[in-house]
There are 2 protein chains.
Amino acid sequence: MATINDVALKAGVSVTTVSRVLNNRGYISEATRKKVYETMEELGYQPNEIARSLLRKQSHIIGLIIPSVSHPFFSELARHVEYYAYQYGFKVLLCNSHLDPGKEKVYTEMLRRNRVDGIIMGSHTLEVDEYRNVHSPIVTIDRKIDDEIPFISSENYRGGELATELLVSKGCRKIAHICGNLELNLLANQRSDAFRDVVTKHGVEHVIIQTDMNVFDQEQYERIIRRLLEEHPNVDGIFATSDIIAAFAVKECMKAGKTIPRDVRIIGYDDVNAASWLTPELTSIKQPIEEIGRLAVELIRKQLEGEPFETENLLPVELVERQTT
Amino acid sequence: MATINDVALKAGVSVTTVSRVLNNRGYISEATRKKVYETMEELGYQPNEIARSLLRKQSHIIGLIIPSVSHPFFSELARHVEYYAYQYGFKVLLCNSHLDPGKEKVYTEMLRRNRVDGIIMGSHTLEVDEYRNVHSPIVTIDRKIDDEIPFISSENYRGGELATELLVSKGCRKIAHICGNLELNLLANQRSDAFRDVVTKHGVEHVIIQTDMNVFDQEQYERIIRRLLEEHPNVDGIFATSDIIAAFAVKECMKAGKTIPRDVRIIGYDDVNAASWLTPELTSIKQPIEEIGRLAVELIRKQLEGEPFETENLLPVELVERQTT
DNA sequence: GATTATATGTCAATCGTTTATCATATGTCA
DNA sequence: TGACATATGATAAACGATTGACATATAATC
């Protein structure tokens, strides 16, 4: 593979000159500039970014740690992160933690060894101290670590409120709430707080069920929901904490011979694309996934450039009513 | 950030010794090894992989270029690629081309500048020559470039056959086939060849409709299918070339008051996770996505290590019959 | 004719690591 | 005693670029 030396040699100029052309600094005549570009073309020369990174102490790489790209929410998030990263001149290193603390730790170390410019953390099984040990700019999605590390989240409490209020206002008398693991210190848990509050306020009967949030075990979802319907056959409203869970709820309800939304009203969360692929189309609480992705990259950039930035970033959510309520 | 020099200084040994510990070569006493490890721990030292990459001329990074991670097929593929890459000690750089030839070109150049060890190409808008210019190991998904570059695909013709035969055997009299852009030189187009052959063989009436394969324009799908149902109200079988398209077909058919599978039978392709989230669950042709991902990484590895490898890799497909047929 | 802007070159240091070479110990074994 | 194995160090080159300092040459400008 051609080096800057080869280019200089072949073009009959010095490496300094080639470097000047490459980086647009100092005086360069149009003639040599052209000559150099031609030679680079002929040799198929591409500057070695690794050498540049070493010198500049900037890799222009952002590490993205998420539970799994195959979860619709994170796959959409990853797409937007990649899109905006690219706009700002960053590349994205993809890491799926599968919510395994060991893997998550190893990934943060790997990213550190590779001197990434920043890390976007969407998976949270680590202890607070371990985040501080990372030493490079971090942005956290849906979890507040401390007052230093910026995080992005949407109005989870508001979302839970909107969802629950909707079910109540539609006349549901017994509402089930299916959420992720409440042990994990996630801001998403505020949705469940809101659920509890609203349902209590209106004196509506309710059930809360926790899952592992593990998309790969789809059978777990089926099992949990089937059990819910068996133990509480009179449930007439379900608020699921993700659209995927909601989709399974729809499926199991229909299997049980219930008509949606007549017998059971169901609302999901996130409003991923898949929510509108379903029949009936899923009512959901929309998170601004694109904006979350954009902001995450933006916050890394601001930290790098020493610009001031907000630590708390709460984005608005929105009720999208479709056919399941 | 601590360097190997800092470690050596603090541990009271030479850099050579630290390097020997780090790379497990030469003689090292247990005592110094321990001392060095402790010092690294204290300093939070992580070796600079950029410097290593420069010297070793190996970045241990694989570039993954796909149309979009938010398309379920590619999001699952990306997850498996990342998983196996990690097993082999590679990292994954994510690139979404959005099927834009310009972006795809720029991405291959970027990956080249970053000296990635290999590229997995799942997006194919480039000319054959441009693949050859990449110079690093490539694996292509679903497209054959030439006799040199290895590609992975599944038995597309067989898949098309299975799908079409199923619809015919269920008694469909007029079958629609919705496929991607047949201009792109993709092996997936063989599904359409099979469709044509089977349908002709049985003398069954049929329609073929092309789409842009652009997931982000979901309205396009809706429009296309709505038009199909208007212009050919007597269609009683639909073979879609992706599960997403099939999901929209299900939705539009139900909107048109048709019962599935009584009035219209629908079969998708890929068998992504989402296929079983739907109600009714989608019949589909299953591609071995995990194996495709595994093999892709494996083929990069083999090229790097100079091991012999197969150029043509055709993996088996499987009919998964569910509720839409 | 002196000054200045433009254009290019040489040289060497630097980024953080690895590794080869050579040197220098000490300890062990025949 | 000599030959080896073990353990560590000093030194320098290399990976591929960038950059500052300094030199030199031509052309344009006052």
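Each chain gets a letter, A, B and so on, in the order its sequence line appears, and its residues count up from 1.
The separation between R113(A) atom CZ and dC15(C) atom C1' is 19 Å, rounded to whole Å. dC15(C) atom P lies 11 Å from atom CG of D6(B), rounded to whole Å. As rounded to whole Å, 15 Å separates atom C1' of dC15(D) from atom CD of E49(B). Straight-line distance from the CZ atom of R112(B) to the P atom of dG16(D): 14 Å, rounded to whole Å. With rounding to whole Å, L54(B) atom CG is found 12 Å from dT18(D) atom P. Distance CG (N5(B)) to P (dT14(C)): 12 Å, rounded to an integer number of Å. L22(B) places its CG atom 10 Å from the P atom of dT19(C), with the value rounded to the nearest Å. Between Q58(B) atom CD and dT18(C) atom P the separation is 14 Å, expressed in whole Å.
Here V13(A) lies in heavy-atom contact (under 4.0 Å) with sugar-phosphate atoms only. Across all strands shown, T3(B) has heavy atoms under 4.0 Å from sugar-phosphate atoms exclusively, and none from any base.
Distances were taken from every side-chain heavy atom of I4(A) (C-beta onward) to each of dG16(D), dG9(D), dA17(D); the shortest belongs to dA17(D). The side chain of L55(B) sits closest to dT18(C) out of dG16(C), dT18(C), dT18(D). Nearest nucleotide to the A51(A) side chain, out of dA17(D), dG16(C), dT19(C): dA17(D). Here dA17(D) is the nucleotide among dG9(D), dT18(C), dA17(D) with the atom lying nearest to any side-chain atom of P47(A).
With contacts defined as side-chain heavy-atom distances shorter than 4.5 Å, the pair V69(B)/F74(B) does not qualify. Residues V128(B) and R143(B) form a side-chain contact, since some pair of their non-hydrogen atoms from C-beta on lies under 4.5 Å apart. Contact check for H124(B) versus L184(B): no side-chain heavy atoms found under the 4.5 Å cut-off. For the pair T125(B)/D100(B), no side-chain contact is recorded, criterion being any heavy-atom separation below 4.5 Å from C-beta on. A 4.5 Å side-chain heavy-atom check between V297(B) and I62(B) finds at least one atom pair inside the cut-off.
Contact between the side-chain N/O atoms of T17(B) and the OP1/OP2 oxygens of dG9(D) is found at a separation under 4.0 Å. Applying the 4.0 Å criterion to OP1 and OP2 of dG16(D), one finds that K57(B) has a side-chain N or O inside that range. Side-chain N/O atoms of N48(A) include none lying less than 4.0 angstrom from OP1 or OP2 on dA17(D). Note on R52(B): a side-chain N or O is less than 4.0 Å away from OP1 or OP2 of dT18(C).
In DNA chain C, stems built from 3 or more consecutive Watson-Crick or G-U wobble pairs, each with both distances under 3.5 Å, span C:1-30 with D:1-30.
Taking for each of R115(B) and G12(B) the nucleotide of DNA chain D with the nearest heavy atom, the 5'-most of the two is the partner of G12(B). Between R56(B) and A31(B), it is A31(B) whose nearest contact on DNA chain D lies nearer the 5' terminus.
A donor-acceptor pair shorter than 3.5 Å can be found between the side chains of N24(B) and R33(B). Y83(B) and E290(B) share no side-chain donor-acceptor pair at under 3.5 Å. A donor and an acceptor atom, one from each side chain of S123(B) and S97(B), are located under 3.5 Å apart. Looking only at atom types and distance, the side chain of N114(A) has no donor-acceptor partner in the side chain of E49(B) under 3.5 Å away. Defined by atom type and a distance below 3.5 Å, a donor-acceptor pair is missing between the side-chain atoms of N96(A) and S68(A).
For K10(A) and Y45(A), the positive end is not near the middle of the six-membered ring at less than 6.0 Å and at most 45° from its axis.
A salt bridge links R294(B) with E291(B): at least one charged nitrogen is closer than 4.0 Å to a carboxylate oxygen.
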Protein-nucleotides 20-27 of chain C N/O pairs closer than 3.5 Å?
none

Strictly under 3.5 Å: I want the nitrogen or oxygen pairs between protein and nucleotides 3-7 of chain D, one per line.
unit_1, atom_1, unit_2, atom_2, d
dT6(D), OP2, Y27(B), OH, 2.6

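The minimum heavy-atom distance between R20(A) and G26(A), with the atom names listed, is CD-CA, 4.3 Å.
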